[in-house]
Number of protein chains: 2
Amino acid sequence: MFRSFFEQHYSLKETTWQQVISLFSPATLDKNSFFIREGEIARTMAFLESGIVRGFYRKDNGEEYNKVLFSAPSFFGDYASLISGRPALFSQQALTDARIWVADYRQFTRLYDTCPDLERFSRKWAESIFVQKEQREIELALFDATHRYLNFRKAYPEAEQQIPQYHIASWLGISPTQLSRIRRKLTAS
Amino acid sequence: MFRSFFEQHYSLKETTWQQVISLFSPATLDKNSFFIREGEIARTMAFLESGIVRGFYRKDNGEEYNKVLFSAPSFFGDYASLISGRPALFSQQALTDARIWVADYRQFTRLYDTCPDLERFSRKWAESIFVQKEQREIELALFDATHRYLNFRKAYPEAEQQIPQYHIASWLGISPTQLSRIRRKLTAS
DNA sequence: GAAACCTCTTGACATAGGTAAAGAAATCAG
DNA sequence: CTGATTTCTTTACCTATGTCAAGAGGTTTC
C-alpha cells in the first residue's frame, strides 16, 4: 500500500502504523467531483492512489487559478484549513477518475498524544511541505512561463496527456492563449 | 523577552522553556552584514529583536530577488537549509542594524527526544510557516503589483521608511522603475 | 564645500502576456 | 455516423512591466 510513500520522511513504529492505517478507508473520486469546496471546513486528509486532483482558487471575477496539482501518489487535502480549523479558501477537484484513501484529521492528530513518533512524523511532514512550497515560490518568481512549462513536463510527464491544457496554463500562471503560443514556439525550434 | 512571541502557537512547559532559552545568546547584526550566505550550510536559527533582514536569491545574471523580508519581532534563518542539511540557496542580510538572538539548531532539535512538548511546538511552528508561505503565494498569484504594494505598506508600515525602495520593489517582484510608476499613480489619485 | 556616491524618478522603447473572438480540431452522446 | 460540446490555436489589439539611460535630489566623505 502507500506505506513507503507515507514514511519517506520518517519511519513509524509498527504499532503506530497500525493505528494510522486503520484510520484510512478507500474511496473513489469521479472526474470533476469535489473533495472539498471553498468555504467548507476541512475535516479529512487523503492519499491519492491514482488520478489527478487540482486545488484551485476562484477569484472575485469568477476566474479560477490552479494553485496546486496533485498527481498520484501524493497526499492531498486543504492543509491550511485542517491546521487552522478555518474555512477553506480553495476547492479541490478531481480532474480524472481517482482512487483515494481518506482519514479523519482529528482522529489522526489525537494519536499524537500516545504516539510521539507520529508527532515527529508530522513535524517532518510539515517541514517538507514548507520546503516544497518554497521551491514552487522560487519557480514562479525566477523562471519565465516557457521555463516553467518545461519543468512541468518533466515533473508531471503523464499529466499533460490527461488533463486539458487550460488547467496546465492556469497552474503555470498564464492564459491558455499564452500557453498555446509557448507550445508553438517550442515545436517550431 | 521573546517568550510570548515564541509561544504564540503553543505554550511550552516551564522546564522545556528553560532549556530552550539557554540555547539562545544575544548578538548584533550590523547593517549590510550577512547572517548566512548562499552555499553555506545553515547551523543556527535566530530571533530578530529589532531591525530588518532580507532573504534573497541571486540569479545567474547577478540580479537579486528578495524572497522574504523579516521585520522584528520575527524568527528567521534559512529553514530549508536547516531542515534539509543542504547548502543554503539564499543569503540573509541585515538591511538595518539589528539585535538578534542566536541558537544552534542541532542543539535545539536534540531537545525533541526529551521534550515532546517542544516537538509539538515545532510541528505547529512548521505548519504555521507553511500557511504563511501559502498566503504569500496567493498574493503573488492573484494580486497585481499595485495591490501588493498597498498590502506591503499595511504589513510593514515602518519598513518603508527604513529600507531603500529597490529592496521593496524586489520583494514585490517588480523593478524599481515600475514601483516608482506605481507610486506616482497612487499619489496622483 | 566640492566631489563622489546612492537613490529615486522619468522618458523612450521593447516584450511578455492579457482579452476577445473566431475557426479548427478533437471528443462525446445519442 | 452525426450533431453537440469541449478544447486548442490563431489573430488582432492592449496593458503591465522590463531595460536602458539620463537627470535630479540626497548623503556621505574628505
Side-chain angles (χ1 to χ4, degrees), chain A residues 30-33 52 54 56-66 69 93-97 139-153 156 158-189, chain B residues 30-33 52 54 56-66 69 93-97 139-153 159-189:
Chain A
D30 292 339
K31 182 171 171 175
N32 293 329
S33 67
I52 297 174
R54 69 172 178 138
F56 69 95
Y57 181 89
R58 186 171 281 120
K59 303 190 203 180
D60 302 335
N61 60 18
E63 233 179 291
E64 296 176 353
Y65 164 63
N66 287 343
L69 292 178
Q93 180 188 32
L95 294 181
T96 65
D97 290 342
E139 277 234 354
L140 282 168
L142 300 180
F143 300 154
D144 67 16
T146 304
H147 202 135
R148 295 204 297 278
Y149 173 58
L150 292 171
N151 285 354
F152 165 81
R153 294 212 298 202
Y156 303 90
E158 358 58 43
E160 193 166 16
Q161 321 308 325
Q162 298 180 257
I163 63 179
Q165 257 177 54
Y166 56 81
H167 280 319
I168 298 170
S170 170
W171 182 80
L172 292 170
I174 58 177
S175 64
T177 309
Q178 186 62 9
L179 178 53
S180 186
R181 283 193 281 239
I182 288 171
R183 285 161 51 84
R184 180 173 31 156
K185 269 199 196 161
L186 287 174
T187 51
S189 56
Chain B
D30 292 339
K31 182 173 173 177
N32 294 329
S33 67
I52 298 174
R54 69 172 178 138
F56 69 96
Y57 181 89
R58 186 171 280 120
K59 303 190 203 179
D60 301 336
N61 59 19
E63 234 177 290
E64 296 176 354
Y65 164 63
N66 286 345
L69 292 178
Q93 180 189 31
L95 294 182
T96 66
D97 290 343
E139 272 228 3
L140 282 168
L142 301 180
F143 299 153
D144 67 16
T146 303
H147 202 136
R148 294 204 298 277
Y149 174 58
L150 292 172
N151 286 354
F152 165 80
R153 294 211 299 201
E160 192 167 17
Q161 320 309 325
Q162 297 180 256
I163 62 178
Q165 258 178 54
Y166 57 82
H167 280 319
I168 298 170
S170 170
W171 182 80
L172 292 170
I174 57 178
S175 64
T177 308
Q178 185 62 9
L179 177 54
S180 185
R181 284 193 281 237
I182 287 171
R183 284 160 53 83
R184 179 173 33 155
K185 270 198 196 164
L186 287 174
T187 52
S189 56

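The sequence lines fix the lettering, A, B, ..., with proteins before strands; numbering per chain opens at 1.
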Spell out protein contact along nucleotides 25-30 of chain C as letters: B when the base is contacted, S when just the sugar-phosphate is, - when no protein heavy atom is under 4.0 Å; keep the 5' to 3' order.
------
Worked check of side-chain contact (heavy atoms from CB on, under 4.5 Å) between Leu69(B) and Leu95(B):
CA-CA 10 Å; Leu69(B) 292 178; Leu95(B) 294 182; 4.3 Å; yes
Audit row: Thr146(A), Lys185(A), side-chain contact (heavy atoms from CB on, under 4.5 Å) steps and yes/no
CA-CA 9 Å; Thr146(A) 304; Lys185(A) 269 199 196 161; over 6 Å; no
Check the interface with nucleotides 20-25 of chain D: list each N/O to N/O pair with the protein under 3.5 Å, or write none.
none

Under 3.5 Å, which protein N or O atoms sit close to an N or O of nucleotides 5-7 of chain C? Give each pair with its distance.
unit_1 : atom_1 : unit_2    : atom_2 : d
dT7(C) : OP1    : Tyr166(B) : OH     : 3.2
dT7(C) : OP2    : Tyr166(B) : OH     : 2.8

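Spacing between atom CD1 of Ile174(A) and atom C1' of dT15(C) amounts to 15 Å, rounded to whole angstrom units. Nucleotide dT15(C) holds its C1' atom 9 Å from the NZ atom of Lys185(A), rounded to whole Å. dT7(D) atom C1' lies 12 Å from atom CG of Leu179(A), rounded to whole Å. Here the C1' atom of nucleotide dG11(C) and the CD atom of Gln178(B) are 14 Å apart, to the nearest Å. To the nearest angstrom, P of dT10(D) lies 14 Å from CD1 of Ile182(A). Whole-Å rounding puts the His167(A) NE2 to dT6(D) C1' distance at 11 Å. Here the P atom of nucleotide dA16(C) and the CZ atom of Arg184(A) are 13 Å apart, to the nearest Å. Summarising the geometry, the separation between CG on Leu186(A) and C1' on dT9(D) is reported as 15 Å, rounded to the nearest angstrom.
Residue-environment remark: NZ (Lys31(A)) stays at or below the threshold of 12 foreign heavy atoms within 6.0 Å.
The minimum heavy-atom distance between Ala94(B) and Asp30(B), with the atom names listed, is CB-O, 3.5 Å. Listed here is the closest heavy atom pair of Gly173(A) and Tyr65(A): CA-CE1, 4.4 Å. The minimum heavy-atom distance linking Asn66(B) with His167(B) is given by the pair ND2-O, 3.0 Å. Contact detail for Ile163(B) and Ile52(B): the closest heavy-atom pair is CG2-CD1, 4.0 Å.
In this structure, the ring-ring contact (aromatic ring centres under 6.0 Å, His included) partners of Phe143(B), at least two apart in sequence or on a different chain, are His147(B). Every residue two or more places apart in sequence or in another chain that forms a ring-ring contact (aromatic ring centres under 6.0 Å, His included) with Phe152(A) is listed here: Tyr156(A), Trp171(A).
Atom CZ of Arg181(A) and atom CD1 of Ile174(A) lie 9.0 Å apart (nearest 0.5 Å). To the nearest 0.5 Å, atoms CG (Leu172(B)) and CD (Gln165(B)) are separated by 10.0 Å. Separation of atoms CZ (Arg58(B)) and CG (Leu142(A)) is listed at 13.0 Å; rounding is to 0.5 Å.
In this structure, a donor-acceptor pair under 3.5 Å is present between the side chains of Tyr149(B) and Glu160(B).
In this structure, Arg54(B) and Glu64(B) have side chains that are in contact, with non-hydrogen atoms separated by less than 4.5 Å.
Residues Ser180(A) and Arg181(B) both approach DNA chain D. Their nearest nucleotides, taken by heavy-atom distance, put Ser180(A) toward the 5′ side.
In this structure, of dG18(D), dG18(C), dG11(C), it is dG18(C) that holds the atom nearest to the side chain of Ser175(A).
Each end of the helix from dG1(C)-dC30(D) to dG30(C)-dC1(D) gets its own axis, taken as the rotation carrying the C1' atoms of four end pairs onto the next four within a five-pair window, and the two axes meet at 50° to the nearest 10 degrees.
If you check every strand for non-hydrogen atoms under 4.0 Å, Arg183(B) touches sugar and phosphate atoms only.
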